[in-house]
Amino acid sequence: MGKRTRPPQSLILDTCLGAVFHTVLVFSLFLLFAGHNAPGGGFIGGLVAGAAFVLHYVAGGTGQLTRVAPVAPFVLMGTGLTLAVLVGMGALVAGGQLLESGVLSLDVPVLGKVKTTSALPFDIGVYLIVVGLVLALLGSLGGEADRPAGEPDDAGAGEGGSE
Amino acid sequence: MRALIALPVVLPLLAAGVSLALHRRPAVQRALSVVVLGATLVASVALLVTVERSGVAAVQVGGWPAPIGITLVADLFAAIMLVISTVMVLAVLVYAIGHPRTRDHGLFFHPLYLILATGVAASFLTGDLFNLFVAFEVTLGASYVLITLGGSRDQVRSGMTYVVINLLASTLFVTAVGLVYAATGTVNMADLAGRVAELPAGVRQALGLLLLVVFGVKAAIFPLFFWLPDSYPTAPAPVTAIFAGLLTKVGVYAIIRTQTLLFPTDGSPSTLLLAIAGGTMVVGVLGAIAQNDVKRILSFHIISQIGYMVLGLGLFTVAGVAGAIFYIVHHIVVKTTLFLVGGLVEQSTGTGALSRLGGLLHRAPVVAGLFLLPALSLAGLPPFSGFVAKLALVQAGLAVEAHTIVAISLLVSLLTLFSMTKIWAGVFWGAPEEVPPLEAAAGDGRLSSPALMVAPTAALVVLSLVIAVAAAPLWDLSERAAATLVDPAPYVEAVLP
């Protein structure tokens, strides 16, 4: 899949991507953690991270995408869903209602007093689902669009004949 | 209690996540689905027992009190539906594991199937109109993919009808929820029960009709049924069976829930609902008579049978609603079984067209037996469960002197029997020599089916016989469930103490 020949890549896009990609990912994490009391959250963070991967897809197609994100999208989605549901059920085990949020305050040496809630791992689950979804979409829809013009028709006709 | 109500929703969802993450290990996926749905069944039965003993139970998800938070409520009706649907989900799962065509798509089948189970359970348990919408969407999202599993040209074509009509209904649904919220300021159903009653009659009727149309599309009532016979038959057999058994009944459940809780009549039968019931019964059965394919005949019968359930509701008496509940339970079991048998026929012969089948009585006697019992039950012949269910509805109808609709329902029963005979004569009767030989047949002409497909079908046939035998306690249970529906005070009290 990844060895498909592609037209030469844009130098400007590639250079910018090197600078932008990690910045966008870090920003998506910021949104994820800020989400509890400020704009952001797992869904929006996931979408922003997804946008970073879309940039890689635009620059180098699905081949480059699988090099950058070598994890299978469905594993990502499955893990995210499992994590989110487990956190929701955790409240039941702890004696609360389903999905009830717990608060945890910690004294971390460098950061000082840090307050976090059980909604955070839930949000991380959502984040993983959204990133996985974007990757799955790029893989399944983008994989087809990715084919150089002219090639698919010949290959398609050859394969179709045997049916 | 807190956990018991949540488990039927949460367990399959958790398993769906794990199943998706382990999509490269089909054996683990299969074992996981069976174990988790088995556990869900245990939880559902425990919930039914609890509700039966100590009345309506409610939990507030996230600890936010009703009517602000999300409420899960289990009354007897919801618990009964939950148990019977979980039994179906589990039986069809085993069937699907033995079904070669579904096994090839196992990778996505198992996670989606579990999500479907989550959505169905959530629809039964939710006590909130907006969350009912969410539960519907969860169910539908999974069903869009399941109905086109395999992606043949026919499936994609009829799948499009299914997707478009359901998207349209969902849009109407969310609009209706918005209007309900605008008119009353709440979407919690127990809270709505009081507030809707205070609305001007015109607004009330408009909201009631809008919700009836929305759920009517899902339940395939007359005149909103046209999408069903076109889209169901093309899916793989286990998928058709679970859709036929459960999805339209989720729509019927929503109709019964909203019409009794939010828009009750003052004890008199609803002419509109009875007219819809009559139309649904007649059009469905006439459509079935005109068909020449096993799955298509059965699909039209779903519609016809929905009419009986609406009939019970339309009477608005305890006996009528109890009849509807009993009918739903009987119908879910029998209908799922018939579609599973249809799948067995297709799987062993390669076709479902009546003209190309015949003589299966000799070549596959077990399948013939498995078809005959539920088919007679569907037509309402004694001593099967269908007879008990129809008798209950007829008696309830006569009690309020709704003679016309009772006469129609009896006539439709007769036509049902006629179209079942048509399948019987086309598929099972006849000498095997008269029909073209089938490649799948063994040397002696006998056809075989995988044991994993036959066993769950047989189990469901036995279950439908058990329903007939245990009709008295089941009827008692249905009556108590109906009493809570007709007079929802305990329901409201459990949610808003």
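Protein chains get the first letters and strands the later ones, always in sequence-line order, with residue 1 at the start of each. Note that these values count all heavy atoms, side chains included, but never hydrogens, waters or copies made by symmetry.
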Asker: Looking at B/I70, B/L20, B/L72, which makes the most heavy-atom pairs under 4.5 Å with chain A?
Answerer: B/L20
Asker: If you measure from CG on B/L11 to CE on A/M89, what distance do you get to the nearest 0.5 Å?
Answerer: 5.0 Å
Asker: For chain B, which residues from residues 77-86 of chain A lie under 4.5 Å away (heavy-atom distances)?
Answerer: A/M77, A/G78, A/T79, A/L81, A/T82, A/V85, A/L86
Asker: What closest approach, in Å, do A/A72 and B/R24 show between heavy atoms, and which atom pair accounts for it?
Answerer: CB-NH2, 3.9 Å
Asker: What is the distance from atom CD of A/Q97 to atom CH2 of B/W64, rounded to the nearest 0.5 Å?
Answerer: 13.0 Å
Asker: Please lay out, stage by stage, how B/V59 and A/L98 fare under the test side-chain contact (heavy atoms from CB on, under 4.5 Å).
Answerer: CA-CA 9 Å; B/V59 295; A/L98 179 70; over 6 Å; no
Asker: Heavy-atom distance under 4.5 Å to chain A: side chain of B/A15, backbone, both or neither?
Answerer: neither
Asker: Would you please go through residues 38-53 of chain A and name the residues with a non-hydrogen atom below 4.5 Å from one of chain B, in numerical order?
Answerer: none
Asker: Given a strict heavy-atom distance threshold of 4.5 Å, which part of B/L22 is in contact with chain A: side chain, backbone, both, or neither?
Answerer: neither
